[in-house]
Engineer: 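The structure is given below, and queries will be raised subsequently.
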Amino acid sequence: MSETRQGHGTHTVRPRWTWIALVVMVIGLILIGAGIVAQSWAWAIPGLVVLVIGGVVGLYGGFFYDVQGGGSVSAQMHDVVEGNEHEFPDATALRSEDEVKRDVRRRWLRR
């Protein structure tokens, strides 16, 4: 089965920024939760602002495209420390089996 359409769109993922975004969004959720418990807008509104800031940082970092899954914790931390960036194919990209195999070898098997 051969497809004639080839999509070449990619998304950049910045692991350092995705982890920062996750931490910021969790802090925002904690502040919102504290505001709900205390019934205080003084906690909930800053929490909402922090949550939105975390979402914006997540968009920059490619948080919603971070599909690396299965990587070891040490490899993930290495990417965070080094500030590495990764290019991942767009969800609409159609690639040949050979291209996928090369990508898997390069990314996961380091060959």
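Start at 1 with the first residue, then count along the sequence. Bear in mind that the values here come from a model prediction, so they are computed numbers and not experimental data.
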Engineer: Restricting to side chain to side chain donor-acceptor pair (under 3.5 Å), what partner residues turn up for E82, sequence neighbours left out?
Structural biologist: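 E82 satisfies side chain to side chain donor-acceptor pair (under 3.5 Å) with no other residue.
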Engineer: Determine whether V23 and V57 fall in the same hydrophobic cluster, where Ile, Leu, Val, Met, Phe, Trp and Tyr are linked whenever their side-chain heavy atoms lie under 4.5 Å apart.
Structural biologist: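 Shared cluster, yes.
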Engineer: Would a hydrophobic clustering, with Ile, Leu, Val, Met, Phe, Trp and Tyr connected at side-chain separations under 4.5 Å, put V56 with V26?
Structural biologist: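 They do not share one cluster, since no chain of ILVMFWY contacts under 4.5 Å joins V56 to V26.
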Engineer: Nearest 0.5 Å, please: how far is CH2 in W43 from CG in L48?
Structural biologist: 15.5 Å
Engineer: Any idea which heavy atoms bring A21 and G54 closest together, and the distance?
Structural biologist: CB-O, 3.4 Å
Engineer: Applying ring-ring contact (aromatic ring centres under 6.0 Å, His included), name anything that partners W17, two or more places apart in sequence or on another chain.
Structural biologist: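 Result, ring-ring contact (aromatic ring centres under 6.0 Å, His included) vs W17: Y60.
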Engineer: Any chance you could measure L29, atom CG, to L51, atom CG, to the nearest 0.5 Å?
Structural biologist: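 Rounded to the nearest 0.5 Å, the CG-CG separation comes out at 5.0 Å.
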Engineer: Under 4.5 Å between side-chain heavy atoms, counting indirect links through other Ile/Leu/Val/Met/Phe/Trp/Tyr residues: same cluster for I27 and V49 or not?
Structural biologist: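 Yes, I27 and V49 fall within the same hydrophobic cluster.
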Engineer: Please walk me through it: do V50 and L31 pass side chain to side chain contact (heavy atoms under 4.5 Å, CB included)?
Structural biologist: CA-CA 9 Å; V50 170; L31 289 173; 4.2 Å; yes
Engineer: Determine, step by step, whether T18 and L22 satisfy the side chain to side chain contact (heavy atoms under 4.5 Å, CB included) criterion, reporting the C-alpha distance in whole Å, the side-chain angles of both residues, the deciding distance to 0.1 Å, and the verdict.
Structural biologist: CA-CA 6 Å; T18 59; L22 179 63; over 6 Å; no
Engineer: Is it possible for you to say whether I36 and I30 belong to one hydrophobic cluster, with membership spreading through side-chain heavy-atom contacts below 4.5 Å?
Structural biologist: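 I36 and I30: one cluster.
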Engineer: State yes or no: do W19 and M25 share one hydrophobic cluster built from I, L, V, M, F, W and Y residues joined by side-chain heavy-atom distances below 4.5 Å, directly or via other members?
Structural biologist: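 W19 and M25: one cluster.
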